[in-house]
Undergrad: 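My structure is below; once you've seen it, I'll send some questions.
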Amino acid sequence: MMTTNTPVRVLVCDDHAVVRAGLLALLDSAPGIEVAGEAGTGEEALALAAKLTPDVVLMDLSLGEGIDGVETTRRLTTAPGRTPHVLVLTTYDTDADITRAIEAGATGYLLKAERPEELFAAVQAAAQGRTTLSAPVADRVMAGLRSPRPTLTDRERDILAQLSRGLGNREIARTLFISEATVKTHLRRVYDKLGVETRAGAVAMAKEQRLLP
């Protein structure tokens with residue numbers, strides 16, 4: 001348990017050197033926060049976290065080559081022994097990104113547009129295991145809870161799966177042993193349920209709603 005006199009030790013993980021430098025300077029200026037180290041990749045963050053044992057890892061989601069921020073978060077929070085709290089700091093605020101990060105074990109989710117004071121408060125909260133969400137993120141989470149995912153029939157899921165493989169209506173019909181007219185009928189229903197108008201939109205929305213692997 002941390003005391004109020006103990007600074008929160010933070011490891012910053014971001015693949016952009018300029019952004020990382022800015023965050024380090026910002027955190028160094030904050031009372032009660034100590035920069036433990038910096039990482040430019042997920043793999044580097046894992047190695048440094050094991051060595052430095054920070055209280056909080058400030059994690060970007062997009063890390064270029066190698067494992068992404070979500071997978072890094074998952075490995076950090078499930079590692080044996082003492083694990084840090086992970087506070088996501090990113091520009092991405094889609095439902096899919098938020099859900100994946102939270103399910104991976106992130107304690108909080110902030111957008112990079114937040115004011116420095118909000119970041120400092122979120123770091124302190126994360127060190128205590130308390131959740132902090134940027135207002136737009138909280139709104140999306142609440143909207144998702146109020147609006148359950150669309151329910152697709154097994155046949156509609158089958159067609160979506162084939163659609164995600166890039167198959168046309170004729171190929172889908174042959175694969176599923178149904179007529180092209182039946183494929184079109186199911187596709188119209190899928191579009192209506194997902195609120196989209198194109199094949200690409202259907203696949204993207206299905207993935208965001210986790211209706212497809």
Side-chain angles (χ1 to χ4, degrees), residues 1-94 96-141:
M1 179 67 68
M2 296 181 57
T3 67
T4 54
N5 294 325
T6 304
V8 176
R9 301 179 69 253
V10 181
L11 171 64
V12 176
C13 182
D14 194 297
D15 65 328
H16 290 93
V18 172
V19 173
R20 203 163 63 244
L23 286 172
L24 294 175
L26 193 62
L27 292 170
D28 270 333
S29 73
I33 295 177
E34 174 187 319
V35 175
E38 59 176 299
T41 67
E43 290 83 355
E44 189 177 3
L46 293 172
L48 286 176
K51 177 181 178 181
L52 302 172
T53 61
D55 303 303
V56 175
V57 177
L58 202 57
M59 178 68 62
D60 193 8
L61 291 186
S62 177
L63 297 176
E65 296 182 0
I67 59 176
D68 65 5
V70 171
E71 180 58 26
T72 305
T73 297
R74 181 176 294 107
R75 296 188 190 184
L76 284 170
T77 56
T78 58
R82 180 180 179 273
T83 58
H85 294 289
V86 177
L87 176 61
V88 170
L89 182 65
T90 185
T91 57
Y92 301 98
D93 66 344
T94 68
D97 287 318
I98 295 167
T99 299
R100 289 176 63 232
I102 292 175
E103 289 183 346
T107 298
Y109 197 111
L110 286 191
L111 300 180
K112 289 183 176 178
E114 292 290 355
R115 299 190 308 274
E117 295 78 13
E118 297 293 336
L119 172 60
F120 302 156
V123 168
Q124 294 286 355
Q128 298 174 35
R130 293 188 286 113
T131 299
T132 301
L133 303 175
S134 287
V137 174
D139 289 344
R140 293 187 77 95
V141 170

Undergrad: Going by side chain to side chain donor-acceptor pair (under 3.5 Å), name the residues that satisfy it together with Thr90, two or more places apart in sequence or in a different chain.
TA: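 Residues passing side chain to side chain donor-acceptor pair (under 3.5 Å) with Thr90: Asp60.
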
Undergrad: Step by step, work out the side chain to side chain contact (heavy atoms under 4.5 Å, CB included) result for Thr72 and Val57.
TA: CA-CA 10 Å; Thr72 305; Val57 177; over 6 Å; no

Undergrad: Counting only heavy atoms not in Glu117, do more than 12 fall under 6.0 Å of its CD?
TA: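 More than 12 within 6.0 Å, yes.
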
Undergrad: Using the side chain to side chain contact (heavy atoms under 4.5 Å, CB included) criterion, which residues pair with Thr94? Sequence neighbours excluded.
TA: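 If we apply the side chain to side chain contact (heavy atoms under 4.5 Å, CB included) test to Thr94, skipping adjacent residues, the hits are Ala96, Asp97, Glu208.
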
Undergrad: Taking side chain to side chain donor-acceptor pair (under 3.5 Å) as the definition, give me every residue that meets it alongside Thr107, ordered by chain and number, with sequence neighbours left out.
TA: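 Thr107: side chain to side chain donor-acceptor pair (under 3.5 Å) contacts with His85.
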
Undergrad: Please enumerate all residues that pass side chain to side chain donor-acceptor pair (under 3.5 Å) together with Ser134, with sequence neighbours excluded.
TA: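 For Ser134 the side chain to side chain donor-acceptor pair (under 3.5 Å) partners, ignoring immediate neighbours, are Glu114.
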
Undergrad: First locate atom CG of Leu63, then atom CG of Leu61, and finally report the distance between them rounded to the nearest 0.5 Å.
TA: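 Here the rounded value is 8.0 Å.
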
Undergrad: By the salt bridge (charged side-chain N to carboxylate O under 4.0 Å, His left out) test, which pairs, at least two apart or in different chains, include something from residues 66-81?
TA: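 Found Asp68-Arg100, Glu71-Arg74, Glu71-Arg75.
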
Undergrad: Can you give me every donor-acceptor pair (side chain of residues 22-33, partner residue at least two apart or in another chain, under 3.5 Å) with its distance?
TA:
unit_1 : atom_1 : unit_2 : atom_2 : d
Ser29  : OG     : Leu26  : O      : 2.6

Undergrad: Enter the distance from Leu110:CG to Leu87:CG here, rounded to the nearest 0.5 Å.
TA: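 Reported to 0.5 Å precision, the distance equals 5.0 Å.
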
Undergrad: Please name the pair of heavy atoms, one in Leu89 and one in Lys112, separated by the smallest distance, quoted to 0.1 Å.
TA: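 Reported closest heavy-atom pair: O-CE, 3.5 Å.
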
Undergrad: Less than 4.5 Å apart, any side-chain heavy atom of Leu119 and any of Leu58?
TA: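 Yes - at least one pair of side-chain heavy atoms lies under 4.5 Å apart.
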
Undergrad: Does anything in residues 35-53 form a salt bridge (charged side-chain N to carboxylate O under 4.0 Å, His left out)? List the pairs, not counting sequence neighbours.
TA: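 The answer is Arg20-Glu38.
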
Undergrad: By side chain to side chain contact (heavy atoms under 4.5 Å, CB included), which residues pair with Ser62, not counting sequence neighbours?
TA: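 Partners of Ser62 under the side chain to side chain contact (heavy atoms under 4.5 Å, CB included) test: Tyr92.
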
Undergrad: Among all residues two or more places apart in sequence or in another chain, which pass the side chain to side chain contact (heavy atoms under 4.5 Å, CB included) test with Thr53?
TA: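 Thr53: side chain to side chain contact (heavy atoms under 4.5 Å, CB included) contacts with Arg9, Arg82.
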
Undergrad: State the CG-CG distance between Leu46 and Leu76, to the nearest 0.5 angstrom.
TA: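 Between Leu46 CG and Leu76 CG, I get 5.0 Å after rounding to 0.5 Å.
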
Undergrad: Ignoring hydrogens and angles, tell me if any N or O in the side chain of Thr77 forms a donor-acceptor pair with the backbone of Thr73 under 3.5 Å.
TA: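 Yes; judged by distance alone, with no hydrogens or angles, the pair exists.
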
Undergrad: Can you check whether Leu11 reaches Pro84 side chain to side chain, under 4.5 Å on heavy atoms?
TA: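 Of all side-chain heavy-atom pairs linking Pro84 with Leu11, none is under 4.5 Å.
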
Undergrad: Could you report the tightest heavy-atom contact between Pro54 and Ala49, atom names first, then the distance?
TA: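 Heavy atoms only, the tightest pair is CD-O, 3.6 Å.
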
